[in-house]
There are 2 protein chains.
Amino acid sequence: MVTTKPTARDLRVANRAGVLRALYFGGDASRLELSQITSLSTATVTNVVAELLADGLVREAGSEESQGGRPRTMLTIAADAGYFIGIDLGENVIRIELFDLLLHPIVAQQVVDVDNLHQPQTVIERIVAGVAAVAQAAQLPLEGVIGAGIGVPGMVDHATDVTVFAPSIGWRNVPLLAELERQLPFPVFLDNGAKAMAQAEALLGAGQGVADLAAVLLGTGLGAGIITGNALFRGATNSAGEWGHMKVVLDGRQCRCGSAGCLEAYLGAHALLERWAALAAADVALNQAEEDGINHLVSAASAGDPAAQQVLDEATRYLSLGIANLINLFNPQRIILGGWAGLRLGPAILPDVRRLTREYALEPPFSAVTIDLCHFGQDAVALGAATLALEEFLTAGGKQRSLAMRTGGLVK
Amino acid sequence: MVTTKPTARDLRVANRAGVLRALYFGGDASRLELSQITSLSTATVTNVVAELLADGLVREAGSEESQGGRPRTMLTIAADAGYFIGIDLGENVIRIELFDLLLHPIVAQQVVDVDNLHQPQTVIERIVAGVAAVAQAAQLPLEGVIGAGIGVPGMVDHATDVTVFAPSIGWRNVPLLAELERQLPFPVFLDNGAKAMAQAEALLGAGQGVADLAAVLLGTGLGAGIITGNALFRGATNSAGEWGHMKVVLDGRQCRCGSAGCLEAYLGAHALLERWAALAAADVALNQAEEDGINHLVSAASAGDPAAQQVLDEATRYLSLGIANLINLFNPQRIILGGWAGLRLGPAILPDVRRLTREYALEPPFSAVTIDLCHFGQDAVALGAATLALEEFLTAGGKQRSLAMRTGGLVK
DNA sequence: AAGTCTTAATTCAAGGGTTGAATTAAGCGC
DNA sequence: GCGCTTAATTCAACCCTTGAATTAAGACTT
């Protein structure tokens, strides 16, 4: 029940984490600067940095020009002190990517195997093989991997067992994590892909330095990841942020979730293309891959096609409504628009979205928010998945926690 | 930026807080039990309890029957070790209430003065006088008051200056808190009334022991307070939780907030009575006080009036939609329905609300939630306001923080 | 080129906290 | 009255942070 950290040694862990975070996100700094950032004494910074140096997580990197005093020796994260793996389990492709400690990409790999992706056993095999493949391609031993994360297109319940509820790939209560942790020699973290992506943008992308934000993803389905107080907002059972199934119309269009009137039924890629087809009285919009269809839609609208323009206009209104509701409820500092469809539609509709959102939202929370496009593209989910492991690593102050300890940590 | 608590003395504060909280919310316990609950060693519990005893916050309260060993001496919160004041600044009444340390009510007072409530200066005078009055009625010196809280019908920005944005009483950027703290000899906390009430229900009412919940309030306006991780969810500028202005209809009914299609425009007391009048083709529903009107509406519906039944039916659908959206977005463990109109409508519509909410929300988050009526009635906001001060008190481990320290604490 | 000045980093003793083990306290039952 | 059992306290060991004092490392001056 009580979550305090009672023993004095925990202070050190927290302070290691503070110094490590400052260096990781604040960039290179001297011990003195670190002491100011973290508000620790210089004595403590010296001690903590000594540990980090000894562990190889941090390196000295020359010294700054001095103006007549001892020059500050700069400290920097040792980017090659360890590696992370990010896995994007998509609806019809698995993307596996290897990153260095600073989450710079090293090697990426794609596994395309639409037919068997619905079978967990196949997915697990593909992932284990893919992990070995990227490590080999980078000529790195798997022991150097600090941890891996997986983003999945569905809900993950962290409380009971760690399982998955992902209708779009036909999964329900699949113990993916347990199986993978048995087969891989490093800790693995599992979460919803939209949440993973939101964390990538928050830590390294369009949300850097912002403590409270929401990333909304437009694609075949809709997703969102909400960050509050610099951390993913999960709710009681880690299914918070299901923005796509916010009801926006009573007794509205049928949604694939089984209910009706969901935002996704008006703003999902399929919904937009269907609407276009209906307005244009032609099925041409539906006779192509969704991504091509959306591209087609955007260029048709900019070319003056009135039906396409109306579809975009309606999409803008629904998107603005959905964003305004997020603003009124979560009062974030930033909204980040992403997802493959969001990236394509964004440039065309963002100004109007901003204007309408101002109309729809209350003034005080609206005036605290900015609405921007995401920074990352196709590899956002894989990167975000890697940040799941990174977060744990940083919170532990750079001490790689053993599997046993992690399991213990989950117990309340 | 870094929010760690570096020095060893902070450990003690955190552990004092842990023991105090365990005793406060877990009820009387022995030192041994406390050690188990807090997972501190018995040695530390002994030390911490000794401090709390010396400070008069805790008392020994006899010993339990033993089965052949040293009996455990029970510890209990000293209810008279200090007092809290809760102030409900309503739209046309001020309610001031004095509580003991356990938030049991001692004296209450109402200040009714509709005409002048729009003038901050008058409100401040009334509050200061009312505070003195309740203290005198209870024959207690103001020095015994640990802190006071104020719930206001509007938004409070904690970041800039602590000001108020409350259109319903015509306030905008009123520095209420600064003025009151100058005139009162104890710390004062200010927040939105719905947030205050949510915290009352969370700590002491229908949400006890629940870490993630949302309290929704139906009244003249709509409000909500959201608790996540046992703490009020505030967002970036403390205006999170504006549930009443969630858009539920594009281009819908005009709302008093200036926008259109807000939930409040369909579910606020005034909206319901207007709808009734329109359906019944009679203005009778509007020619009475709102509270009487809602009472009338509920009894007419239960008596079989078809227009009234339809109004309730529509209200049920919009309320369910609003709750379902909260469930999908926040994934709470409990929804608590309150507010004066919520209390009246609740018994009549709650079963249908539960049924419809299941239809509207996604299955995983819905299956994690229960929907209940609130516990507290008229004095919920005053009690909640008092909990604002209580929370600070407990977090500080029962050390009453000075004004200077509080201000310092707000600085990042 | 030596000495002085300035700023950064380290060392050190003091102070505060938690903990497990050992000890003491306090009833119960025979 | 004595041993048994369980609760609470005491104590020595250990860890951590901190401010002050000290050392380190260049720049500047003469």
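Proteins come first, then strands; the chains are lettered A, B, ... in the order of their sequence lines, and each starts at number 1.
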Quick check on [N]: is either OP1 or OP2 less than 4.0 Å from any side-chain nitrogen or oxygen of [X]?
X: B:S41; N: C:dT19; result: yes
X: B:R12; N: C:dG17; result: no
X: A:T42; N: C:dT10; result: no

Sole residue of B:F393, B:F99, B:F186 in ring-ring contact (aromatic ring centres under 6.0 Å, His included) with B:F84: B:F393

Any residue of residues 43-54 of chain A with a heavy atom less than 4.0 Å from an atom of DNA chain D: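 Within this stretch, A:A43, A:T44 sit under 4.0 Å of the strand.
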
Whole angstrom value for the distance that separates [atom2] of [N] from [atom1] of [X]:
X: B:L11; N: C:dT19; atom1: CG; atom2: P; answer: 9 Å
X: A:R72; N: C:dA9; atom1: CZ; atom2: P; answer: 7 Å
X: B:R31; N: C:dA25; atom1: CZ; atom2: P; answer: 15 Å
X: A:M74; N: C:dA9; atom1: CE; atom2: P; answer: 9 Å
X: A:D10; N: D:dT17; atom1: CG; atom2: C1'; answer: 14 Å
X: B:R9; N: D:dG19; atom1: CZ; atom2: P; answer: 11 Å
X: A:L32; N: D:dA25; atom1: CG; atom2: P; answer: 17 Å

Would you say the side chain of [Y] lies within less than 4.5 Å of the side chain of [X], judging by non-hydrogen atoms?
X: B:N230; Y: B:R21; answer: no
X: B:N331; Y: B:D212; answer: no
X: B:E51; Y: B:N15; answer: no

Aromatic ring pairing A:F233/A:F330, orientation class (parallel under 30°, perpendicular over 60°, tilted between): perpendicular

Over all atoms of both residues, closest heavy-atom pair of B:A22 and B:T38: CB-CG2, 4.2 Å

Pair A:K195-A:L388, side chain to side chain contact (heavy atoms under 4.5 Å, CB included): steps then yes or no: CA-CA 9 Å; A:K195 285 190 172 68; A:L388 298 174; over 6 Å; no

Sidechain-backbone polar pair: A:Q199 side chain, A:G384 backbone, donor-acceptor under 3.5 Å: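 Not confirmed, A:Q199 side chain does not pair with A:G384 backbone.
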
Output a table of nitrogen or oxygen pairs between the protein and nucleotides 26-29 of chain C separated by less than 3.5 Å.
unit_1: C:dA26; atom_1: N3; unit_2: B:R70; atom_2: N; d: 3.4
unit_1: C:dG27; atom_1: N2; unit_2: B:G68; atom_2: O; d: 3.2

Side chain of A:L40 (C-beta onward), nearest among D:dT18, C:dA9, D:dA7: D:dT18

Candidate pair A:R59 and A:D80, rule salt bridge (charged side-chain N to carboxylate O under 4.0 Å, His left out), full reasoning: CA-CA 11 Å; A:R59 262 198 285 273; A:D80 57 354; 3.0 Å; yes

